[in-house]
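Okay, structure first, notes after.
Both ligands and their constituent atoms are indexed starting at 1 by order of listing. Fair warning: this is a prediction, and the values are worked out from it, not measured in the lab.
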Amino acid sequence: MISIKSPREIDLIEKAGNIVYQTHEYLRPFIKEGITTKELDKLAHDFIISKGATPSELGYEGYPASICTSVNSEVVHGIPSNRKLKNGDIISIDMVACYKGYHGDSAWTYAVGEVDKDSKYLMEHTKKALYVGLDVIKPGARIGDIGAAIEEYATSHNLGVVKELVGHGIGTNMHEEPDVPNYGVKGTGPILKEGMVIAVEPMLTFESPEICLLDDDWTIETEDYSRAAHYEHTVVVTKEGYKILTGGKNGENR
Ligand code: MF3
Ligand code: CO
C-alpha cells in the first residue's frame, strides 16, 4: 500500500527536507581539499541537531554515521572516515533528517576543487537525469515512467544506470513503498496520486554500472572503479505535477 500523506504530514516532511537542504548548503563551503569525511559528518550531525531534527541515518540498521560520504568510484553508503578529500575528487553526500517523526532525504554530488571534464560531464548529466525523472511526475503517471525517463536520458548520454539501488516512498519511515527504480518501462508500475511522497535518486556511472559491496558491509563501489554520481530529492505529487520538499524555504533548490 502506498500511503497518501495529509497536508500536515507533507508540511512536516517539508520541514525535515528543508533542514536537509540547509545542511547541504552549510556543508558546501567545507567541501575542500584536506577536510576528512568524518569532519563533514560531525558538521552535518551538529547542524541537523541545532535545527531541532535528528540525523535518520545514524544507527539505521547499524549504520555508524549521520551522513553517507561516497568518494569517486564509491556509489553510495560510503562511511565517513579519516580519508582526506583531494583536489579533483567528487563526493556524493546523502543525508536524511527526521523532524517530528517525518523524514526528508536528499543526496548531492560535489566537486572538490577543480575536477576533470569527465567528472563534470557525469555530474551535470546525473543531476539533469534527476530532473528529467521528476518532470514526468503528476497524478496518473506511473512509477515506470520515472525510471524510463531517467534510463533513456542516461543511456543516451552514455552513462551507466545502477540497477540494484532504487528510490523509494518516504514518510514516517525512511524507506516506504513504492520502490522507484532508475530504469523501467513507460506505462507500467504503480500509479501516482496526489499526496504520495517519493524520493527519486538516480545513481549513474561513467562506465560500467556493475557494483560491489566493500568489506565494511556498507560502501558500494563500481566494479571497474569508474566514477559515480548521485542526486536525490524528496517530492510530493501535487494536482499539477510535483513539488520538491528538500529545497530551501523560498522554494530554491539546486
Ligand atoms: N539515504 C539513503 C537513501 O537514499 C539511505 C542510506 S541508509 C544508511 O535511501 F544507513 F546508509 F544511511
Ligand atoms: Co533515498
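- Not a single heavy atom of M95 lies less than 4.0 angstrom from ligand 1.
- The pair E9-K100 does not meet the salt-bridge criterion, since no charged nitrogen lies less than 4.0 angstrom from a carboxylate oxygen.
- Of the polar atoms of H168, at least one N or O is found under 3.5 Å from an N or O of ligand 1, judged by distance alone.
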Run I146 and I137 through side chain to side chain contact (heavy atoms under 4.5 Å, CB included) and show every step you take. CA-CA 7 Å; I146 301 172; I137 295 177; 3.8 Å; yes
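- Here the shortest heavy-atom pairing between A228 and I90 reads O-CD1, 3.4 Å.
- Shortest contact from atom 6 (C) of ligand 1 to any protein heavy atom: E57 OE2, 3.5 Å.
- Taking 4.0 Å as the cut-off, E61 does not count as a neighbour of ligand 1 on heavy-atom distance.
- Side-chain contact of N18 with Q22: a donor-acceptor pair under 3.5 Å is present, judged by distance alone.
- Close approach of ligand 1 to C68 (heavy-atom distance below 4.0 Å) involves ligand atoms 11 (F), 12 (F).
- Comment: K42 does not engage E39 in a salt bridge, judged by the lack of any side-chain N to carboxylate O separation of less than 4.0 angstrom.
- R227 and S119 are linked by a side-chain donor-acceptor pair at a separation below 3.5 angstrom, with hydrogens and angles left out of the test.
- Near H175, the atoms of ligand 1 lying under 4.0 angstrom from a non-hydrogen atom of the residue are 3 (C), 5 (C), 9 (O).
- For atom 2 (C) of ligand 1, the nearest non-hydrogen atom of the protein is D94 OD2, 3.1 Å.
- Counting heavy atoms from C-beta on, the side chains of T246 and E232 never come closer than 4.5 Å.
- Taking the six-membered ring where tryptophan is involved, the planes of Y121 and F206 are perpendicular, since the angle between them exceeds 60° and thus also 30°.
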Under 3.5 Å donor-acceptor pairs involving side-chain atoms of residues 58-69, not counting sequence neighbours:
from, atom 1, to, atom 2, distance (Å)
Y60, OH, H175, ND1, 2.9
Y63, OH, I67, O, 2.9
Y63, OH, G78, O, 3.0

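- Ion pair K186/E152 not flagged as a salt bridge, since none of the NZ, NE, NH1 or NH2 atoms sits closer than 4.0 Å to an Asp/Glu carboxylate oxygen.
- Annotation: protein N, O or S atoms under 2.8 Å of the Co ion (ligand 2) (waters excluded) comprise D105 OD2, H168 NE2, E201 OE2, E232 OE2.
- Nearest non-hydrogen protein atom to atom 7 (S) of ligand 1 is Y60 CD2, 3.8 Å.
- Under the 4.5 Å side-chain criterion, counting only non-hydrogen atoms from C-beta, Y102 is not in contact with K15.
- Listed by number with element, the atoms of ligand 1 under 4.0 angstrom from any heavy atom of V96 are 1 (N).
- For ligand 1 and E201, the ligand atoms under 4.0 Å from any heavy atom of the residue are 3 (C), 4 (O), 9 (O).
- Heavy-atom proximity to D105, at under 4.0 Å, picks out these atoms of ligand 1: 1 (N), 3 (C), 4 (O), 9 (O).
- Taking every heavy atom of E232 and a limit of under 4.0 angstrom, the matching atoms of ligand 1 come to 4 (O).
- By the rule that hydrophobic residues join a cluster once side-chain heavy atoms approach within less than 4.5 Å of another member, V20 and Y231 end up as members of one cluster.
- Considering only non-hydrogen protein atoms, atom 8 (C) of ligand 1 sits nearest to Y63 CG, 3.8 Å.
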